[in-house]
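Quick note: numbers below take in every heavy atom, side chains included, and nothing from hydrogens, waters or symmetry partners.
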Amino acid sequence: MEIRNHRKQRHKALTPAQRPRSGKSLPHGLAHMTWLEYWNISWWVAMAFTTGSVVWVINGFFSFLALVYSDVVISEAGLGWTAFIGATIFEAGSILGVFEAWNRDDVANFGWNLYILHHKNTADGSSATGHPGKLSKQWIWFTTNTKYFHELEKAWYKPNLLSLGWHIGFWNFIGAIGFTLCGALGYGAQVSSGVNYPSSLSMFWGGWAFLIASVMQWYEAVNSVVE
């Protein structure tokens with residue numbers, strides 16, 4: 001099973017209430033998004049980023065609207081507060097993502113659990129592969145958005161267009177570009193007011209890219225790949 005599917009709890013065929021988590025079809029899978037999977041850390045991560053993305057889209061819309069229509073007056077304090085709220089929610093989602101990546105107790109051969117399994121087997125003279133002291137898999141955690149779609153590719157230059165996780169990573173990468181441009185162009189706005197337009201526009205489409213990725217991540221979190 002893919003590392004991402006392990007990390008996203010997609011190996012769990014049933015909910016604690018013994019309901020099947022496998023989406024038989026797209027409408028069936030979308031219906032799962034109405035479930036409150038409070039026990040699923042990946043669901044909380046998806047909820048945090050979806051909520052934060054909605055806040056950023058609203059912030060970007062009103063920021064851009066004031067530049068398109070000069071007669072529209074937008075509260076700068078309101079823009080500042082929505083930016084603060086959106087960033088705080090994103091930060092909470094990132095922290096939850098750290099706990100998700102550790103995934104300590106219930107996934108074999110992944111992350112922290114692999115470390116524990118290796119040392120436990122080494123202590124009793126065995127290993128997961130039957131070769132004492134030999135670690136069968138390694139997990140490296142990169143902090144860039146590109147890692148999240150490259151981990152699903154057989155080669156870095158071969159996009160895995162049939163993978164939901166690949167598209168999530170790709171749209172997160174697009175969102176990150178938008179937010180980076182917004183911040184970089186914001187410095188230019190100190191010199192020329194004309195730079196405000198592309199800066200606000202970058203934040204707007206960047207927020208939408210994050211929202212697309214987050215909704216797909218939400219779908220991913222509540223649908224098992226196990227039949």
Identify the heavy atoms of [X] and [Y] that sit nearest to each other, and give their distance.
X      : Y      : answer
Ser202 : Leu185 : OG-CD1, 4.1 Å
Ala48  : Gly93  : CB-CA, 3.6 Å
Leu79  : Ser63  : CD2-N, 3.8 Å
Phe90  : Ser53  : CE1-N, 3.4 Å
Cys182 : Ser199 : O-OG, 2.9 Å
Trp171 : Met216 : CD1-CE, 3.5 Å

Taking the side chain as every heavy atom from C-beta outward, state whether [X] and [Y] have any atom pair closer than 4.5 Å.
X      : Y      : result
Trp56  : Trp208 : no
Phe210 : Val57  : no
Leu26  : Tyr219 : yes
Val215 : Met33  : yes
Phe61  : Ile58  : no
Ile177 : Trp205 : yes

Could you give the distance from [atom1] ([X]) to [atom2] ([Y]), rounded to the nearest 0.5 Å?
X      : Y      : atom1 : atom2 : value
Phe49  : Thr51  : CZ    : OG1   : 11.0 Å
Ile95  : Trp44  : CD1   : CH2   : 15.0 Å
His167 : Asn160 : NE2   : CG    : 8.0 Å
Asn196 : Leu201 : CG    : CG    : 12.0 Å

Subject >> Parallel, tilted or perpendicular: rings of Trp35 and His32 (30°, 60°) >> reply: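 Ring orientation of His32 relative to Trp35: parallel.
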
**OP:** Output yes when a side-chain donor or acceptor of Ser42 lies under 3.5 Å from a complementary backbone atom of Ala221, and no otherwise.
**Re:**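 Looks like no, no N/O pair under 3.5 Å.
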
Hydrophobic clusters here meaning ILVMFWY residues chained together by side-chain heavy-atom distances under 4.5 Å, can you tell me if [X] and [Y] are in one?
X      : Y      : result
Ile212 : Val55  : no
Leu36  : Leu30  : yes
Ile174 : Leu161 : yes
Leu162 : Leu164 : no
Val222 : Leu96  : yes

Original post:
Going by the side-chain hydrogen bond (donor to acceptor under 3.5 Å, both in side chains) test, which pairs reach into residues 67-95, not counting sequence neighbours?
Top reply: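 Those involving residues 67-95 are Asn59-Thr82.
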
**OP:** Could you check Val45, Thr50, Asn223 and say which one makes a side chain to side chain contact (heavy atoms under 4.5 Å, CB included) with Trp218?
**Re:**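 Exactly one pass, corresponding to Thr50.
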
**OP:** Identify, with sequence neighbours excluded, every residue that meets ring pair (Phe, Tyr, Trp, His ring centres under 6.0 Å) alongside Phe62.
**Re:**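 Checked Phe62 against ring pair (Phe, Tyr, Trp, His ring centres under 6.0 Å); zero matches.
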
